[in-house]
Amino acid sequence: MASAYMGDIAILEVALRNRMDRQLSLLALEQNGTEDWYMAGLQFDDRTQYQIREAWNHLTPHQRKNHTHGHLIASWTFGFWRNLLEDGGTIHTKWPDQRRADYENDLWRKGLDKTFSNGRQYARAVEERWTRKYALDIVKTVHALRNRVAHHEPLVNGIPLPGENRRIALENATQACFALAMILDRDLHAWLMDNSKMKLVLEHELKPNE
């Protein structure tokens, strides 16, 4: 089961990061004239800035000179991209001044929402309101499932959701994967429905014992 899930989630992760990268590049190009959004002075919180610096420091001199953008995008974890859909954390300032990143207004409303080209239509179809939090809840569920699989933990008893003191059934976590595909791109969703290994495994698991 874990093998089947990891393959499908890997496709979703690449699709998510590529779409987010594209929208952040467009935002940085509009505001600062460069597509290298991680160096464009966008208002990222301390956590994100630290992860950007760490990724840059791990690049080889050759990587920094050639195809830097692609190497960086590939190096950040699923959690990095999920965090950009959060509210935004503290930005370092001298005490006692405290300032927080505002991802809602500085990222989401300025173009990051367009990562999910079919988000508004999907939310309407399931009678939900399309918001950053709605997208985040779907991504967080897929991320929790991904970590469960990657850490070789059992799936059959459900998926714990970090920070929420509850777990959801594997079937519901699987549905979140298909929902993520749908809000990203209809064609991706159609392809996944036709080729998903996790769908086949889950259907087999849910069949009554004969």
Side-chain angles (χ1 to χ4, degrees), residues 9 12-57 68-124 126 128-147 161-165 176-177 179-185 188:
I9 292 173
L12 291 172
E13 181 174 350
V14 171
L16 176 66
R17 79 185 187 201
N18 286 352
R19 293 294 295 267
M20 292 185 74
D21 168 52
R22 181 57 181 158
Q23 293 307 317
L24 289 166
S25 293
L26 291 173
L27 176 60
L29 187 62
E30 179 182 342
Q31 293 187 357
N32 300 292
T34 175
E35 292 188 348
D36 293 334
W37 52 266
Y38 39 83
M39 300 175 64
L42 300 182
Q43 294 298 302
F44 295 124
D45 61 22
D46 289 347
R47 174 174 57 180
T48 300
Q49 292 184 51
Y50 173 79
Q51 291 173 315
I52 290 173
R53 288 195 301 270
E54 283 291 289
W56 179 266
N57 289 336
T68 298
H69 191 107
H71 282 105
L72 284 174
I73 300 311
S75 71
W76 287 312
T77 65
F78 199 130
F80 174 88
W81 303 102
R82 185 209 67 194
N83 292 341
L84 294 179
L85 298 172
E86 299 273 3
D87 295 339
T90 301
I91 298 176
H92 178 71
T93 55
K94 292 183 178 180
W95 189 88
D97 295 330
Q98 292 292 323
R99 190 158 63 95
R100 295 185 66 85
D102 183 359
Y103 286 174
E104 173 72 28
N105 290 301
D106 292 339
L107 298 182
W108 180 259
R109 295 190 180 185
K110 288 186 178 179
L112 195 59
D113 63 317
K114 293 182 176 62
T115 296
F116 308 98
S117 62
N118 195 46
R120 192 174 302 279
Q121 294 90 331
Y122 177 77
R124 187 183 300 118
V126 296
E128 294 283 354
R129 183 167 169 262
W130 176 242
T131 62
R132 175 179 55 83
K133 185 180 183 305
Y134 180 75
L136 174 61
D137 285 345
I138 293 174
V139 172
K140 283 173 66 175
T141 300
V142 177
H143 185 221
L145 175 58
R146 181 259 177 218
N147 285 348
L161 299 180
E164 298 190 29
N165 196 30
C177 293
L180 177 56
M182 178 61 89
I183 64 176
L184 283 169
D185 184 83
L188 173 62

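Quick caveat: nothing in here was measured; it's all calculated off a predicted structure.
For Tyr134, there are no ring-ring contact (aromatic ring centres under 6.0 Å, His included) partners, not counting sequence neighbours. By the side-chain contact (heavy atoms from CB on, under 4.5 Å) test, Arg17 pairs with Val14, Ile73, Ala74, Trp81, sequence neighbours left out. Under the side-chain contact (heavy atoms from CB on, under 4.5 Å) criterion, Leu29 pairs with Glu35, not counting sequence neighbours. Checked against side-chain contact (heavy atoms from CB on, under 4.5 Å), Ser117 has the following partners two or more places apart in sequence or in another chain: Arg19, Asp185. Every residue meeting the salt bridge (Lys or Arg N to Asp or Glu O under 4.0 Å) condition with Arg109, not counting sequence neighbours, appears here in chain and number order: Glu104. Residues passing the side-chain contact (heavy atoms from CB on, under 4.5 Å) test with Gln49 are Phe44, Asp46, Arg53, Ile91, sequence neighbours excluded.
Within the 3.5 Å criterion, the main-chain N or O of Asp113 finds no donor-acceptor partner in the side chain of Arg132. Judged purely by atom type and a 3.5 angstrom limit, Asn118 uses its side chain to pair as donor or acceptor with the backbone of Met182. Although no hydrogens or angles enter the test, the distance criterion places no donor-acceptor pair under 3.5 Å between the side chain of Asp106 and the main chain of Gln43.
Considering OH of Tyr38 and CH2 of Trp56, their distance stands at 7.0 Å, rounded to 0.5 Å. For the atom pair CG (Leu85) and CE (Met20), the distance works out to 4.0 Å, reported to the nearest 0.5 Å. Note: Leu84 CG to Gln23 CD = 13.0 Å, rounded to the nearest 0.5 Å. Rounding to the nearest 0.5 Å places CZ of Arg22 at 13.0 Å from NZ of Lys114. Remark: Arg99 CZ to Asp45 CG distance equals 11.0 Å, nearest 0.5 Å.
Between Thr34 and Ala40, the shortest heavy-atom distance links the atoms CG2-CB, 3.9 Å. Of all heavy-atom pairs spanning Ala176 and Ile138, the tightest one is O-CG2, 3.5 Å. Looking at every heavy atom in both residues, Gln51 comes nearest to Trp76 through O-NE1, 3.2 Å. Asp137 and Thr141 get closest at one heavy-atom pair: O-OG1, 2.9 Å. Considering all non-hydrogen atoms of both residues, Leu12 and Ala181 come closest at CD2-CB, 3.7 Å. Across every non-hydrogen atom of Ala144 and Leu161, the tightest pair is CB-CD2, 4.1 Å.
Under the 4.5 Å side-chain criterion, counting only non-hydrogen atoms from C-beta, Lys110 is not in contact with Glu30. With a 4.5 Å cut-off on side-chain heavy atoms, Leu112 and Thr115 count as touching. Within the 4.5 Å cutoff, the side chain of Asp87 has no heavy atoms near those of the Arg100 side chain.
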Exercise. Passes side chain to side chain contact (heavy atoms under 4.5 Å, CB included), Leu107 versus Leu24? Steps please.
Worked result: CA-CA 8 Å; Leu107 298 182; Leu24 289 166; 4.1 Å; yes
Problem set entry | Verdict with supporting geometry, Asp21 and Trp37, side chain to side chain contact (heavy atoms under 4.5 Å, CB included) | CA-CA 8 Å; Asp21 168 52; Trp37 52 266; 2.8 Å; yes
For this session: I would like to know whether Asn32 and Met39 meet side chain to side chain contact (heavy atoms under 4.5 Å, CB included); could you show each step before the answer?
Result: CA-CA 10 Å; Asn32 300 292; Met39 300 175 64; over 6 Å; no
Exercise. Do Phe78 and Leu16 pass the side chain to side chain contact (heavy atoms under 4.5 Å, CB included) test, and can you show the C-alpha distance, the side-chain angles, and the key distance before you say yes or no?
Worked result: CA-CA 9 Å; Phe78 199 130; Leu16 176 66; 4.0 Å; yes
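If you check the side chains of Tyr103 and Asn83, you find no donor sitting under 3.5 Å from an acceptor.
No more than 12 heavy atoms of other residues, nucleotides or ligands lie within 6.0 Å of CG in Asn165, so this atom counts as exposed by the packing criterion.
Using cut-offs of 30° and 60° for the angle between ring planes, the Trp130 and Trp108 rings count as tilted.
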